[in-house]
Protein chains: 2
Amino acid sequence: MSDMSIGRLSALSGVKVPTIRYYESIDMLDAPPRSPGGQRRYGPGHLERLRFIRHGRELGFGLDDLRALQDLSARPDQSCDEADRIARRQLQDVERRIAGLEAVRAELLRMVERCSHGVVDECRVIQTLSEHALCVHHDQAGQTPSKAG
Amino acid sequence: MSDMSIGRLSALSGVKVPTIRYYESIDMLDAPPRSPGGQRRYGPGHLERLRFIRHGRELGFGLDDLRALQDLSARPDQSCDEADRIARRQLQDVERRIAGLEAVRAELLRMVERCSHGVVDECRVIQTLSEHALCVHHDQAGQTPSKAG
DNA sequence: CTTGAACCTCTAGTCACTAGAGGAATTAGG
DNA sequence: CCTAATTCCTCTAGTGACTAGAGGTTCAAG
Ligand SMILES: [Zn+2]
Ligand SMILES: [Zn+2]
Ligand SMILES: [Zn+2]
Ligand SMILES: [Zn+2]
């Protein structure tokens with residue numbers, strides 16, 4: 001259980017090796033003891049914390065929020081108001097992003113469906129992009145383009 | 001119409017001044033002629049192109065995609081297959097992100113609703129983050145945490 | 001001609017990583 | 001005990017799409 005290498009910790013936590021080192025560098029994760037040769041040796045506490053972080057990241061929390069939540073979870077007797085506030089804010093943010101993406105989805109659907117698959121000049125995709133007047137009002141989307149992961 | 005300053009172009013296009021300069025620096029927007037004193041002077045073509053870019057960004061297209069779409073729109077006689085392919089890929093990406101965010105939303109809702117608003121030790125928010133076992137399987141979300149200006 | 005707003009270039013920072021160079025430590029097998 | 005393969009180390013730089021700020025110049029109105 002104890003004395004895990006970084007590779008083993010990575011396998012058990014689902015967090016990539018360079019990401020673990022990155023977390024240490026920004027003080028998201030305690031620096032572990034080292035082997036005589038200087039390699040990191042982790043214990044079960046590190047694994048637990050990494051899983052906490054990973055789960056939080058999957059839910060879209062920023063690292064600052066996760067730091068705050070982690071600090072709170074270390075003080076079990078305190079009120080959880082702050083934790084709930086952070087979670088509600090995150091929920092609202094997610095809902096806002098979903099709403100934006102739904103609007104975007106609707107417009108992309110219209111573009112793709114109405115395309116006659118002919119030449120560019122008659123292409124609804126290009127037309128829609130060129131003429132903002134053709135589109136329903138949509139302002140903020142969820143940001144971040146294509147690649148992720 | 002012609003000989004717009006960058007500030008006027010910004011106001012008419014809805015794209016911020018530093019962003020316009022950034023677009024020029026990465027060759028998304030043609031460098032305009034300059035005034036005797038060296039300031040940028042834009043014409044209506046620049047405005048049109050900026051609006052195209054802005055609309056595309058609102059729909060979540062990456063700048064590379066928009067460059068490709070812009071190149072296509074300059075050749076009206078070509079087949080629009082490529083444009084349609086790009087748009088369909090973007091649609092799929094948006095739908096994938098919506099699905100991820102819906103899963104995240106469901107879990108955040110459960111967290112927030114089941115919190116008893118007591119102390120941290122009993123807080124469902126913290127518990128859920130700590131115990132991945134408590135959660136329905138959710139893998140990829142839409143990425144990008146909180147802030148999006 | 002003076003003022004103040006808008007403009008210029010350049011560098012660096014954001015967020016959460018990811019990739020790669022160049023080398024050292026560990027582990028398994030023989 | 002020796003070797004080879006794998007894993008580990010640090011460090012720097014790059015990603016996408018901007019944003020912020022310093023320090024200076026030009027423009028437009030009065
Ligand atoms: Zn088409
Ligand atoms: Zn639109
Ligand atoms: Zn709570
Ligand atoms: Zn979960």
Side-chain angles (χ1 to χ4, degrees), chain A residues 3-29 31-42 46 50 53-68 90 93 97 140-149, chain B residues 3-29 31-42 46 50 53-68 90 93 97 140-149:
Chain A
D3 262 34
M4 277 174 282
S5 72
I6 197 170
R8 179 136 181 74
L9 182 68
S10 170
L12 292 177
S13 66
V15 178
K16 288 175 196 161
V17 168
T19 305
I20 295 173
R21 287 197 279 250
Y22 166 71
Y23 284 162
E24 183 183 322
S25 80
I26 61 165
D27 295 317
M28 279 297 292
L29 192 65
R34 300 292 182 113
S35 76
Q39 300 193 356
R40 292 171 178 82
R41 292 295 174 247
Y42 294 95
H46 290 102
L50 252 192
I53 295 169
R54 189 194 172 205
H55 197 188
R57 289 294 298 130
E58 282 171 3
L59 292 175
F61 288 100
L63 293 179
D64 281 351
D65 281 348
L66 290 176
R67 238 187 296 252
Q90 178 62 16
D93 192 63
R97 270 154 62 201
Q140 274 87 335
Q143 239 60 16
T144 13
S146 334
K147 317 277 160 170
Chain B
D3 262 35
M4 277 175 282
S5 72
I6 198 171
R8 179 135 181 75
L9 182 68
S10 170
L12 292 177
S13 66
V15 178
K16 289 177 196 161
V17 168
T19 304
I20 295 173
R21 288 197 279 249
Y22 166 70
Y23 284 162
E24 183 183 322
S25 80
I26 60 166
D27 295 317
M28 279 296 294
L29 192 65
R34 301 290 182 116
S35 75
Q39 300 192 354
R40 292 172 178 82
R41 293 295 174 245
Y42 294 95
H46 290 103
L50 252 193
I53 295 169
R54 188 192 172 208
H55 197 188
R57 289 294 299 130
E58 282 171 4
L59 293 175
F61 288 100
L63 292 179
D64 281 352
D65 280 349
L66 289 177
R67 238 187 295 252
Q90 178 63 16
D93 192 63
R97 272 157 56 203
Q140 273 89 333
Q143 238 59 14
T144 11
S146 336
K147 316 275 160 168

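In the text below, chain A, chain B and the rest are named by the order of the sequence lines, each starting its count at 1. The basis for the numbers below is simple: all heavy atoms, side chains too, and nothing from hydrogens, waters or symmetry mates.
Scanning for side chain to side chain donor-acceptor pair (under 3.5 Å) contacts around A/Arg67 gives A/Asp64, with sequence neighbours left out. In this view, B/Arg41 satisfies the salt bridge (Lys or Arg N to Asp or Glu O under 4.0 Å) rule with no residue, not counting sequence neighbours. The salt bridge (Lys or Arg N to Asp or Glu O under 4.0 Å) search around B/Arg21 returns none, not counting sequence neighbours.
Within the structure, every side-chain polar atom (N or O) of A/Arg40 is placed at least 4.0 Å from both OP1 and OP2 of D/dC8. Phosphate proximity of D/dT10 to A/Arg21: absent, as no side-chain N or O sits under 4.0 Å from OP1 or OP2. Proximity of A/Thr19 to the phosphate of C/dA16: no side-chain N or O atom is located under 4.0 Å from OP1 or OP2. Here A/Arg8 does not reach the OP1 or OP2 of C/dT27: none of its side-chain N or O atoms lies under 4.0 Å away. OP1 or OP2 of D/dA17 has not a single side-chain nitrogen or oxygen of B/Tyr23 nearer than 4.0 Å.
Proximity note for B/Arg57 (side chain, C-beta onward) versus C/dC7, C/dC17, D/dC18: the nearest is D/dC18. The side chain of A/Ser5 sits closest to D/dC8 out of C/dC17, D/dT10, D/dC8. Side-chain atoms of A/Tyr22 lie closest to C/dA16 of the nucleotides D/dT10, C/dC8, C/dA16.
At the heavy-atom level, A/Ile26 lies nowhere under 4.0 Å from the strands shown.
Counting heavy atoms from C-beta outward, B/Met28 and B/Ile53 have side chains that approach closer than 4.5 Å. Residues A/Tyr42 and A/Ile20 form a side-chain contact, since some pair of their non-hydrogen atoms from C-beta on lies under 4.5 Å apart.
Following rounding to the nearest Å, A/Lys16 (NZ) and D/dT7 (C1') show an atom-to-atom distance of 18 Å.
With rounding to the nearest 0.5 angstrom, the CZ atom of A/Arg8 is 11.0 Å from the OG atom of A/Ser13.
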Nucleotide by nucleotide, nucleotides 23-30 of chain D touches protein heavy atoms under 4.0 Å in the pattern (B base, S sugar-phosphate only, - none) ---BS---

Can you check nucleotides 1-6 of chain D for protein contacts, nitrogen or oxygen pairs under 3.5 Å, and list what you find?
none

